[in-house]
Amino acid sequence: MSDNSQFTFGPATGVGSMPGGDARETAKSVTGSFDDFPHLAELPARGPGADMIGRTAGLLVELYARVEPSGWRLGDRPGRDTKRARAWLGEDLDALEEFTQGHTGQVKVQAVGPWTLAAALELRNGEAVLSDPGACRDLAASLAEGLRLHLAEVARRVPGAQLVLQLDEPSLVAVLTGRVRSASGYRTHRAVDRQLVESTLRDVVGAHPGGPVVVHSCAPDVPFALLRRAGAAGVSFDLSLLTERDDDAIGEAVEGGTRLLVGVVPGTDTALSDPAGSVMGVRTLWRRLGLRPGLLAEAVTLTPTCGLAGASPQYARQALAHCVRAARSLADNPE
């Protein structure tokens, strides 16, 4: 397992999606909020191809997907849906490039991880790629190659950036526990062996050699130990979904140098507490784990609980600013 303590992370960043459809306005907002750790935002409200599955499908090499009434399905050749996904991504990259001139800190890019992608994409027969082990292997290999090319393109456009790759795996726990439904909805796909899940993730993490990879899961029971063994330098999660059952795995992750990207700001419109109130749960967790308060700023990056696509534009901007203020509160008063 790689030594993840070599990577430094900014104090706050976004998860991925933002509301609305204006790439320039969004990039301006994100880079203005997170001057040391902005992310390449996703704008799913623009429609198919801007959603997380379609956007990542557009990155695949020698595999193509199109929109069917049931969702995204693999096909033989790039059609208008693939072209649209690539056009949206190009627009987002143009906007990021414009607002990161001279940037020398971190920049985070997100893509759907191999197992959530396998649970969401359909084969030609309408069943999930997850139902076919050979198709899962091909998909992971195509994704890894696509991510290599994508990261090289971002590096070309933002040459001073230290790139952080985030793999979004909201369905990972369902894949591990056999809870992904079949096309008919009457049965579920069998659980995938944990070692296979881990080795496949390790292969895709390898698409960013020498750079940190974060795995994001906004579901309960995040498999911290498995993700660390797969080479994740950081794990991104919703703090409100943790239970004391997760304490040992989190304590081991922190002591092993794994960065925690902790979701503390709600992803949809609500009244926000003061910044100190937002990080009360993080301090409580720290005390429960018996960890040194001074380690907090070294080990924790604050984020919204999940993407902000369902929020109003005004609230989304407030949420980003709130993450930054909460991170400052945590650094100034770790006790």
Side-chain angles (χ1 to χ4, degrees), residues 7-46 50 52 55-56 59 88-112 147 150-168 208 211-216 233-236 259-265 267 275 297 300-309 311 313-328 330-331:
F7 302 122
T8 56
F9 287 78
T13 191
V15 170
S17 64
M18 291 284 287
D22 187 326
R24 284 188 76 254
E25 194 56 44
T26 302
K28 183 179 177 184
S29 179
V30 168
T31 55
S33 300
F34 303 123
D35 51 0
D36 47 6
F37 197 4
H39 67 288
L40 176 63
E42 300 151 10
L43 299 172
R46 293 180 299 197
M52 61 190 283
R55 185 182 181 89
T56 302
L59 295 174
W88 289 137
L89 180 59
E91 192 176 293
D92 295 336
L93 286 168
D94 289 344
L96 182 74
E97 183 177 4
E98 178 183 348
F99 290 101
T100 51
Q101 296 292 313
H103 179 77
T104 54
Q106 292 173 308
V107 171
K108 181 165 69 68
V109 298
Q110 305 81 222
V112 177
L147 288 173
H150 179 46
L151 289 162
E153 174 66 7
V154 180
R156 185 184 69 75
R157 288 168 173 264
V158 194
Q162 303 157 284
L163 296 183
V164 177
L165 171 63
Q166 176 179 302
L167 297 175
D168 291 321
H208 191 29
V213 178
V214 169
V215 178
H216 169 70
V235 181
S236 169
R259 187 75 176 192
L260 304 181
L261 285 83
V262 185
V264 295
V265 178
V300 169
T301 293
L302 296 183
T303 73
T305 54
C306 211
L308 292 165
Q314 182 186 5
Y315 175 81
R317 287 192 296 273
Q318 288 174 351
L320 301 187
H322 197 81
C323 287
V324 174
R325 285 198 295 273
R328 202 170 295 133
L330 203 57

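- Under the rule for a side chain to side chain contact (heavy atoms under 4.5 Å, CB included), the partners of C323 that lie at least two apart in sequence or sit in another chain are A12, F34, V265, P304.
- Remark: the backbone N or O of V235 is not paired with any side-chain donor or acceptor of R259 at under 3.5 angstrom.
- Remark: side-chain polar atoms of T56 are paired, donor with acceptor, to backbone N or O of V112 under 3.5 angstrom.
- Considering all non-hydrogen atoms of both residues, S236 and V214 come closest at CB-CG1, 3.8 Å.
- In terms of heavy atoms, V30 sits closest to A41 at CG2-CB, 4.3 Å.
- Here the NE2-CG distance, from H150 to L93, works out to 6.0 Å after rounding to the nearest 0.5 Å.
- For the pair P11/D36, a side-chain contact is recorded, criterion being any heavy-atom separation below 4.5 Å from C-beta on.
- Counting heavy atoms from C-beta on, the side chains of Q166 and V15 come closer than 4.5 Å.
- Between K28 and E25 there is no salt bridge, since no side-chain nitrogen of the basic residue lies less than 4.0 Å from a carboxylate oxygen of the acidic one.
- Classification of R157 and D94 as a salt-bridged pair holds, one side-chain N sitting under 4.0 Å from a carboxylate O.
- For the atom pair OG1 (T303) and NE2 (H216), the distance works out to 7.5 Å, reported to the nearest 0.5 Å.
- Here the side chain of Q110 pairs a donor or acceptor atom with the backbone of L40 at under 3.5 angstrom.
- The CZ atom of R317 sits 9.5 Å away from atom OG1 of T26, with the distance rounded to the nearest 0.5 Å.
- Put simply, the side chain of S17 gets close to the backbone of L308: a donor and an acceptor are under 3.5 Å apart.
- In this structure, CD on E97 lies 13.5 Å from NE2 on H103, to the nearest 0.5 angstrom.
- A distance-only check finds no donor-acceptor pair linking the side chain of H208 to the backbone of L147 [under 3.5 Å].
- Between the side chain of T13 and the backbone N or O of F37, at least one donor-acceptor pair lies under 3.5 Å.
- To the nearest 0.5 Å, the span separating CG on L89 from CG on L43 amounts to 11.0 Å.
- Contact detail for M18 and A316: the closest heavy-atom pair is CE-CB, 4.1 Å.
- Under the 3.5 Å distance criterion, the side-chain polar atoms of Q106 are matched with a main-chain donor or acceptor of T8.
- The CD atom of E42 lies 14.5 Å from the CH2 atom of W88; values are rounded to the nearest 0.5 Å.
- Listed for the T305 side chain is a donor-acceptor partner under 3.5 Å among the backbone atoms of G267.
- In plain terms, the two heavy atoms of A27 and L96 that are nearest each other are CB-N, 4.1 Å.
- Across all their heavy atoms, G21 and E91 have their closest contact at O-OE2, 4.4 Å.
- A95 and A23 make their closest contact through CB-O, 3.5 Å (heavy atoms, listed as atom of the first residue, atom of the second, distance).
- Comment: D168 does not engage R55 in a salt bridge, judged by the lack of any side-chain N to carboxylate O separation of less than 4.0 angstrom.
- Between the side chain of H39 and the backbone N or O of K108, no donor-acceptor pair lies under 3.5 Å.
- When the side chain to side chain contact (heavy atoms under 4.5 Å, CB included) test is applied to Q318, the partners found at least two apart in sequence or on another chain are L272, Q314, Y315.
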